[in-house]
Novice: 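Below you'll find the structure I mean.
In the text below, chain A, chain B and the rest are named by the order of the sequence lines, each starting its count at 1. Computation of the quantities below employed the complete heavy-atom set of this structure, encompassing side-chain atoms and omitting hydrogens, waters and symmetry-equivalent molecules.
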Amino acid sequence: MSEAKVRQSYRPVEMERRWQRRWAEAGIYETDQDTAKPKHYALTMLPYPSGDLHVGHWYAMTPSDTRARYMRMRGHRVFFPIGFDAFGLPAENAAIKRGIHPYKWTMSNIENMRGQLRQMGTMFDFDAEVVTCDPEYYKWNQWFFLKFYEKGLAYRKQAPVDWCPSCNTTLAREQVVGPERLCERCDTPVVKKNLWQWLFKITDYAEELLDFSKIDWPERVETLQRNWIGRSEGAELVFEVEGYGPVEVFTTRPDTVFGATFFVMSPEHPAVEKITAPEREAEVRSYVERAARMSEIDRADATREKTGVFTGAHAVNPATGERIPIYIADYVLMGYGTGAIMAVPAHDERDFEFARKHGIEIRTVVAPPGWEGEPLQEAYVGEGTMVNSGRFDGMPSGRAREEITSWLQERGRGRPAVTYRLRDWLISRQRYWGTPIPIIYCEKCGTVPVPEEDLPVLLPEDAEFMPTGVSPLKLNEEFRNVECPRCGGPAERETDTMDTFVDSSWYQYRYLSPHYDEGPFDPEAGDRWLPVDQYTGGVEHATMHLLYTRFWTKVMRDLGLVDFDEPMLRLFNQGVILGPDGNRMSKSRGNVVTPQEYVDRYGSDVLRCYLMFIGPWDQGGPWDGKGVEGVARFLRRAYSMAVEGFASDAGADPDELERRTHRTIKKVTQDLENFRFNTAIAALMEQSNYLMAVRNRVDEERWSEALRQFILLLAPFAPHHAEEMWAAIGGKFSVHTQNWPEWDESLVAVEEIELVVQVNGKVRDQIKVPTDVSEAAAKELAMQSEKVARQLEGRSVRKVIYVPGRIINFVAG
RNA sequence: GGGGGCGUAGCCCAACCGGCAGAGGCAGCGGACUUAAAAUCCGUACAGUGUGGGUUCGAAUCCCACCGCCCCUACCA
């Protein structure tokens, strides 16, 4: 075919559509169940069905697909499923704003996205698709909930939530707007309210979740999770509160207890009401109310001045026996430790600030080095020698921590303790579009779980999800009113739904058998595929989804459902693709790139390759529309090379061609192993350029072989182009079921290299030497160089540094 | 306040275990093709690696300090 004809014949969009059809007909992406091959479960985080795939989806999914394709060509049976995280707020908001039912909105989005996913040219096995808002799926959320409940891992308690007093409803975090913390719908200031909520006891697994020895995850994610779990060692000490009883505090510094000159409770602490002196009541109550209005985020603002009020009550320091005043202050959080602290102003920055403001004694009990009894100008938080601490004076503070703890323990006033920052997972959402919590409240029997055989508790389709101010299911009498499964009497259903992170905590298991109805997944399929070998997704999920799914798997293990400890063995975090202006893409910034316009113009392969080429995958980066051209040229050139074929034989070095081929195979293979798609594509471009250059100058047979290998290497990146090219050179359908090429190490090495000759670190000459030249020979050859000889004249060579294949350096004096 | 990442050509990015700063691409420039342009093809210039020190025969790479940008996290007792 002539070049002109090729140019005319290159219609990537049409070509891609043709192959997509063919692939579907031939079913080449149906999951290979041949257990003779090693398994590879590749997983990319499932998308939320927002309506259209955006560039971010492409950036996350297509490299993941490339890697899965590569593994397949490497001889693995690969399972690479996809699904939709279909419950959640946007669907409900669309319903409220536009009157479309969430189900309809979600399903039509999914339908749309399915088509776009196919267009992407991925090898997703759509037979394994999971849609989490499907009762077939969420039934198992409920089933798990019951199992968790049986094991005591699901429990109900009062927990603070954001509450809009005007709409009379709880709000999700993203519905609370701005630093003023206003309700998104009516601009009313949001308050904290204690409501009955369901929680999962993830804290039971805190210690095990700190063990990362069984997974190969990015250091960064491990650190994030470790910090999030926040294990601290210390002691729980008991302070007697006058007229109330003992109150426990947690401290990491029991050594400083002799310096505890006051005591602080969180405004929410249950004891506050009972201990407040009558003359203080008004002040205390107003402070508590003010604190309640503040969000946790505002309260966590450490730069804010430390506020608080005296309750009029006193506690007894268990070490000194002194009476110390009890304050309430919002810098003490109910959610951490016991919600009360012993305040040691001399050795804690926050307590120091508070004590100064309230004129409380600041007593040094750990002497800083060189301290001579002068008042501290700031809190000293380091180690030192004990002072003002009775019998412990003179002891190093580290040792005093243990000794004081056991001393108090002997007197029944304390014990060593470990506290975690991690809190239990609050799963209740006062929302319609989620999984109903399978619980029934009966006046007589109390809290009754829905019997397993009654699952799923269906989400009623005709619910009133308009903004009426109450949890939508609460208004649905038909849903809410039930017979108690235990006594048959009148009862009410729980009307909250589950957090959508529940859905994504175990979806990787459901993929294995999405229609299996005897359990969350078919154990036989589980044996064949679990656990996930390679997971890819954004690092923003480090302390949410990625922690929850680890927790979930450990519970599943304890339920006997799986026999391993970790859900995903290997994780890779891709970066974020930014808008052309270098900012995060967002509609309000107007910098959103629509993949469709590029797909329509260049085809999917170009977009895929461009996104992989733009830079290291974990780095992300700004979108550059101009850069796409280069990749488009590359693929078109590659295509035309295959279609036109060999030109003529005119004497280029066929061995060099072969060496380059093997070098390319090695480079691309190693880069794919390490998720370095950008340099792999650069290597393919280089090879393509070379193939083009020698197309009419080398032995035809060997050129064709080199081209064949090139196409195979290209296949995971540009599946459509490679398929077309494969067909053009007479390859058997499909290129994607071929074996990945292997390289011959002996052919990778170049034959002759340019050895750099330096004198005292400065480059003086380059000489051609055989690759395997010995040091002595290299030295000899280098000395023969005129330029080098000139430099060495009159000097003696003190040292020769020889790096094979690189340089030879004469150190001369 | 704490933790992490990144600064290399006009731009996106390469550079293994320290060894000639350049693989690939964009844009630029020159040529071929064209009546002309686009497209295409061929060919090319461009930085001494954010700044300042240090280690070394030799530093983009290792160490120290600083500057800039980004991300995460934050009163955790």
Novice: Report yes if the distance between the aromatic ring centroids of Y598(A) and W623(A) is under 6.0 Å, otherwise no.
Specialist: yes
Novice: On a whole-Å scale, what distance lies between the P atoms belonging to rG7(B) and rU51(B)?
Specialist: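 Comparing P positions in rG7(B) and rU51(B) gives a spacing of 13 Å.
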Novice: Nearest of rG25(B), rC76(B), rC72(B) to any side-chain atom of L224(A)?
Specialist: rC72(B)
Novice: Find the distance F634(A):CZ to rC41(B):P and express it as a whole number of Å.
Specialist: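 These atoms are roughly 13 Å apart.
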Novice: From C-beta outward on A682(A), which listed nucleotide comes closest to its side chain: rU40(B), rG24(B), rA14(B)?
Specialist: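 Closest of the options to the side chain of A682(A): rG24(B).
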Novice: Using the ring of Y331(A) (Phe, Tyr or Trp, six-membered ring only), decide whether R350(A) places NZ or CZ under 6.0 Å from its centre and within 45 degrees of its axis.
Specialist: no
Novice: Could you tell me whether the phosphate oxygens of rC76(B), OP1 or OP2, come under 4.0 Å of any side-chain nitrogen or oxygen in R350(A)?
Specialist: yes
Novice: Is any side-chain N or O of K626(A) under 3.5 Å from a base N or O of rC12(B), one able to act as donor and the other as acceptor?
Specialist: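 Result: no qualifying N/O pair found.
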Novice: Please report, rounded to the nearest Å, how far the C1' atom of rC72(B) is from the CZ atom of R421(A).
Specialist: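 Atom CZ in R421(A) sits about 12 Å away from atom C1' in rC72(B).
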Novice: In whole Å, what separates the P atom of rC26(B) from that of rU73(B)?
Specialist: 38 Å
Novice: Roughly how many Å is it from CZ in R608(A) to C1' in rG25(B), rounded to a whole number?
Specialist: 19 Å
Novice: I'd like the C1' distance from rU55(B) over to rG2(B), given in whole Å.
Specialist: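 Taking atom C1' in both rG2(B) and rU55(B), they lie 30 Å apart.
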Novice: Distance check, C1' atoms only: rA9(B) and rG48(B), in whole angstrom units.
Specialist: 10 Å
Novice: More than 12 heavy atoms of other residues, nucleotides or ligands under 6.0 Å from CZ of R231(A): is that the case?
Specialist: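 More than 12 heavy atoms, drawn from other residues, nucleotides or ligands, come within 6.0 Å of this atom.
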Novice: Give a yes/no on whether any side-chain N or O of R633(A) is located under 4.0 angstrom from OP1 or OP2 of rU40(B).
Specialist: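 Affirmative; the distance criterion is met.
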Novice: Which whole number of Å gives the distance between the P atom of rA21(B) and that of rG25(B)?
Specialist: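 The same atom, P, in both gives a distance of 23 Å.
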Novice: Give the nucleotide from the list rC75(B), rA77(B), rA14(B) with an atom nearest to the side chain of Y331(A).
Specialist: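 The answer is rC75(B), which lies nearest to the side chain.
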Novice: Determine the Euclidean distance between corresponding C1' atoms of rC66(B) and rG58(B); express it in Å to zero decimal places.
Specialist: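 Result for the C1' pair: 26 Å, nearest Å.
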Novice: Can you pull the salt bridge (Lys or Arg N to Asp or Glu O under 4.0 Å) pairs that have at least one residue in residues 664-674 of chain A, sequence neighbours excluded?
Specialist: R67(A)-E673(A), R74(A)-E673(A), K666(A)-E745(A), K667(A)-D671(A), D671(A)-R676(A)
Novice: Counting only side-chain N and O atoms of Q758(A), is one of them less than 4.0 Å from OP1 or OP2 of rC57(B)?
Specialist: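 Result: no.
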Novice: Take atom C1' in rA77(B) and the same atom in rC64(B), then report the distance between them in whole Å.
Specialist: 35 Å
Novice: Taking the minimum atom-to-atom distance to the side chain of N678(A), which one of rG24(B), rC76(B), rC13(B) wins?
Specialist: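 The answer is rC13(B).
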Novice: For nucleotides rG31(B) and rG22(B), find the distance between their P atoms and express it as a whole number of Å.
Specialist: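 Those two atoms are separated by 28 Å.
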